[in-house]
Amino acid sequence: MINVLAGLFLVAGVCFFAAGSIGLLRLPELHSRLHALTKADNLGLGLIAIGVALTLGSAVITLKLFLIWLLVLMASAASANLIASHALQQSGPAEHTDQPESQP
Amino acid sequence: MSIFLLITTLVLVLTLLAGLYRAAIGPSLEDRLTSVLLLGTGGVALLFILAAVTGSSALIDVALVLALLAAVASAAMTRQEQGHD
C-alpha cells in the first residue's frame, strides 16, 4: 500500500520533471526557459522527494529530504535571478520578436 | 519495486539529455547556464531515487553537495564577466 502510493508520487514527479525539461528545449526565449526550470522542475523534485520519503520511511531522512528540497528551491531561484540579470546587462531588455500582438 | 525505481532512474537520465542539447545549441552563455541548473536539479532527483534503490542514506548527503555546487557554479559564471572582485 505504501509502495503503491510512493510509486504514484514518483511517477508524478518524473512527469513534472520531464515537462520542465521539454519546456527547456521548446520554449523560444531565455526568460521563459528560466520559468520552466525553476517552477516545473522543482515541483517534480518535491514529488520525487515525497515518494522517496515514503519508500525509506525514516523520520530523520524525511526531514533531511524536505530541507534539501527547500535548499534546491532557494538556490535555483537565486541562480535564475542572477542569470536573468546577467542577460539583461548583456543585451538589454528582451523584445517580443516572434508573435504579432493582434491575437485577441 | 526495485525494477520500477530503476526504470524511473532511466527516464530521468533521458530527461537530463535535454540539458545537454541546450548546452550545445543555446545561442548565449545564459542558455548554457540553464543547462547547469537543470543538471543540478536533475542530479539531486537522481540521487534521491538511487538512495531509495540502494537503501543507503549517504547518497542524500551527496545530493546536498551537488545542489550547492550547481548554485555556486551559476553564480560564479555570471559574476565573472562584470569585473567585480
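This one's a predicted model, so the numbers in the text were calculated from it and none came from an experiment. These numbers come from the heavy atoms of this one structure, side chains and all, not from hydrogens, waters or symmetry mates.
With chain B as partner, the option from A:L25, A:I22, A:L56 having the largest number of non-hydrogen pairs under 4.5 angstrom is A:L25. With chain A as the partner, the residue from B:I49, B:V36, B:V72 showing the most heavy-atom pairs under 4.5 Å is B:I49. Interface summary for chain B: among A:L67, A:V60, A:V52, the most heavy-atom pairs under 4.5 angstrom belong to A:V52. For the options A:D41, A:L24, A:V11, A:L34, heavy-atom pairs under 4.5 Å to chain B are most numerous at A:L24. Interface check for chain B: of the options A:A75, A:S79, A:A80, the most heavy-atom pairs under 4.5 Å are formed by A:S79. Your options are B:V11, B:V44, B:V53, B:I7, and the one with the most heavy-atom pairs under 4.5 Å with chain A is B:V44. Interface remark: of the candidates B:L5, B:L37, B:L38, B:L38 forms the most heavy-atom pairs closer than 4.5 Å to chain A.
Looking at A:L71, only its side chain comes within 4.5 Å of chain B, counting heavy atoms on both sides. Looking at B:L17, there are no atoms closer than 4.5 Å to chain A (heavy atoms on both sides), in backbone or side chain. Heavy atoms closer than 4.5 Å to chain B are found nowhere in A:A78, neither backbone nor side chain. Of the atoms belonging to A:I83, heavy atoms from both backbone and side chain fall under 4.5 Å from chain B.
No more than 12 heavy atoms of other residues, nucleotides or ligands sit less than 6.0 Å from atom CZ of A:F66.
Shown here are the side-chain hydrogen bond (donor to acceptor under 3.5 Å, both in side chains) partners of A:N42, two or more places apart in sequence or in another chain: A:S76.
Transitive grouping of hydrophobic side chains (ILVMFWY, heavy atoms separated by less than 4.5 Å) keeps A:V72 and A:L43 in distinct clusters. One hydrophobic cluster, built from ILVMFWY side chains closer than 4.5 Å, cannot hold both B:L16 and B:L14; they sit in different ones. Cluster membership for B:L46 and A:I68, using ILVMFWY side-chain heavy atoms within less than 4.5 angstrom, is shared. A:L47 and B:L50 fall into different hydrophobic clusters, where Ile, Leu, Val, Met, Phe, Trp and Tyr side chains are chained together by heavy-atom contacts under 4.5 Å. A single hydrophobic cluster is seen to contain both A:F9 and A:F16, as judged by linkage of ILVMFWY side chains at heavy-atom distances under 4.5 Å, directly or through other members.
Contact between A:S21 and B:A18 at its shortest, heavy atoms only, is O-CB, 4.0 Å. The nearest pair of heavy atoms linking B:T78 to A:H86 is O-ND1, 3.4 Å. Residues B:A45 and A:F17 share a closest heavy-atom pair of CB-CE1, 4.4 Å.
Within the 4.5 Å cutoff, the side chain of B:T34 has heavy atoms near those of the A:L30 side chain. You'll find the side chain of B:F48 stays beyond 4.5 Å of the side chain of A:L10, heavy atoms only. Side-chain contact between A:R33 and B:R22 is present, with heavy atoms from C-beta onward closer than 4.5 Å.
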Q: Give the C-alpha distance, both sets of side-chain angles, the deciding distance and a yes or no for side chain to side chain contact (heavy atoms under 4.5 Å, CB included) between A:L82 and B:R79.
A: CA-CA 9 Å; A:L82 286 174; B:R79 283 298 173 192; 3.9 Å; yes
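The side-chain hydrogen bond (donor to acceptor under 3.5 Å, both in side chains) contacts involving residues 49-64 of chain A comprise A:K64-B:D61, where partners must be two or more places apart or lie in separate chains.
Between the OG1 atom of B:T41 and the CD1 atom of A:I48 there is a distance of 10.5 Å, given to the nearest 0.5 Å.
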